[in-house]
Number of protein chains: 2
Amino acid sequence: MANTPQPGTRERIVRAASLLMQRQGYEGTGIKQVAQEANATLGSVYHFFPGGKQALGVAAVQHADQEFADLLTASLAADADPAKAIAACARALADLLRDSDWMDGCPISATALETTGRVPDIEQVVAQAFQHWRDLVAERLREAGFPEGDAHDLSVTVISALEGAELTAQVARSETPLVVAGEHLARLINSYKK
Amino acid sequence: MANTPQPGTRERIVRAASLLMQRQGYEGTGIKQVAQEANATLGSVYHFFPGGKQALGVAAVQHADQEFADLLTASLAADADPAKAIAACARALADLLRDSDWMDGCPISATALETTGRVPDIEQVVAQAFQHWRDLVAERLREAGFPEGDAHDLSVTVISALEGAELTAQVARSETPLVVAGEHLARLINSYKK
DNA sequence: GTCTATAATAGGATAGAC
DNA sequence: GTCTATCCTATTATAGAC
C-alpha cells in the first residue's frame, strides 16, 4: 500500500536534508553532511540539485510539508469530533517528540525562521506548507458543520498553537505544553459548537 | 528614568548579537557581522566574550529574555482584565512585526530551534526565558483570581500560542494569526473565569 | 580595551574522469 | 549517475602590537 520500494538516491538525499534541517536548521546543515547521511556523494547531490543548497532546502521543506500533512490528515480522520481529533493530534506529536528524545519537533520551523525575509524560494514553500496544513484543518471543521468564518479562524489558531506548543515542549523537554494545548484547543473549538 | 546613557561596547555587542540572531538565527549569524553592526572590532568581541560564539549566544538570549519580559509586564499591567491584556499584547506584537517589515519576530525562537539538544549552554538560557515569560503570565492570572492549576495551564498555552502565532504571522506576512490568537486566548481565559 | 593580521578549519560549489 | 579532487570564500578563533 505505502509506496516505499527502495528509495532512490534523490529521495534519500531529500529525506536526509529534511531530517537534518528539522534538527539543526537550514544554516546549521551542510551539504556534505546531507550527502553523508544519505549515503550519497557530493556529486550526486549537485546532480539532482543544480540549484545548490537553496534548491535542496526547497525540496526538503516540500517533503516535510507532505509528511506532516499526512499525519494531520490521519489524525483528523481518526475521530468524528474534530475537537477530540485535534487534541489527539497534539498528543501524537508529543509522543513523537518524546520518542525522538526531543530532537524531532516541527520539521520546518527552524528553516522557516532562518530564511524568512532572506531566501525567497524557501520562504515561499514554507508559507505554502503552513497554508496547506491550515486548509486541512479548516476543511475538517467545515465538514463538521462549523460556519466558514469560524472554521477559518480556528484553523489559523490550531496550526499556530500546535507550532508554538511543539517549540515549547521541545525546549522544555516536556510533553505538557502539547498536551495542555490540545485540551485548550478542544475547549476553544467546543465553545464555537452549534 | 530609563537607563540608556550611552551603551558601552559590551552592551552594543550584545544588542547587535541579539538582533541579528533574532532575524537570522544563531547559525546564520557570524561574529564578524556582529562586530560590524556593533561598531566594534573582532578583538573587542573576544575580549568581552572569551567563550566565543556560544558565550555570545548565551548573552544575546538573556538580553532578549529581559527585553520581552519588559514588554510582557507592561502589556499585562495595562488592563485590569488579564484576558483583554493578553489580546492587546498579541496586537502589540503584530504591530511590532509589521512595523519591522516582518523581520522581528520572537527574539529567541530561531536560536532555540537551532541549538536545542546540541548546545547545552544556550539550550539552558532559552528554557529559562520561556519559563520566565510563563511565570509572568501565571502570576498575573493568579492575581486576577484564577486558581493555581488553571493559571499554570493557561500560562503555558498563552506563551505557546503567542510563539506559534508570531511564527505564523511572520511567515505569512500577516497580522491576522496574532490578532486571531489574541482573541481566541481571551475567549479561552474567559471560559475559566469564576 | 582596541586594533590588525593571520592561523586553522569548514562551507558551498565546480570540473572532469569513470 | 557516481565519484574524487579541488577551488574559493567565509568562518571561528588566536596572537600580539598599540
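Just so it is clear, the model here is predicted, and its values are computed rather than measured. Order of the sequence lines sets the chain letters (A, B, ...), proteins ahead of strands, with each chain counted from 1.
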B:S18 and B:H63 side chains, donor-acceptor separation under 3.5 Å: no
Gap between atom OG of A:S75 and atom CZ of A:R140 - 0.5 Å precision: 11.5 Å
Exercise: identify the closest heavy-atom pair between B:A69 and B:W133: N-NE1, 3.8 Å
DNA chain C-proximal residues of residues 27-46 of chain A, any heavy atom under 4.0 Å: A:T29, A:G30, A:I31, A:K32, A:L42, A:Y46
Boundaries of the chain A footprint along DNA chain C (any atom under 4.0 Å from a heavy atom): C:dG11 to C:dT14
Bend angle of the helix from C:dG1-D:dC18 to C:dC18-D:dG1, from helix axes over five pairs at each end, nearest 10°: 0°
Between CG on residue B:D65 and NE2 on residue B:H132, distance to nearest 0.5 Å: 5.5 Å
d(CD, B:Q24; P, D:dT11) in whole Å: 10 Å
4.5 Å side-chain heavy-atom contact, A:I13 and A:F49: yes
Spacing of CE belonging to A:M21 relative to CD1 belonging to A:I108, to within rounding of 0.5 Å: 12.5 Å
Distance in Å, B:D150 CG paired with B:Y192 OH, rounded so as to fall on 0.5 Å steps: 6.0 Å
Heavy-atom pair with the smallest gap, counting every atom of A:S155 and A:H152: OG-O, 2.7 Å
Nearest-0.5 Å distance, CG of residue A:L167 to CG of residue A:L113: 8.0 Å
Pairing of B:R15 and B:E11 as salt bridge, 4.0 angstrom limit: yes
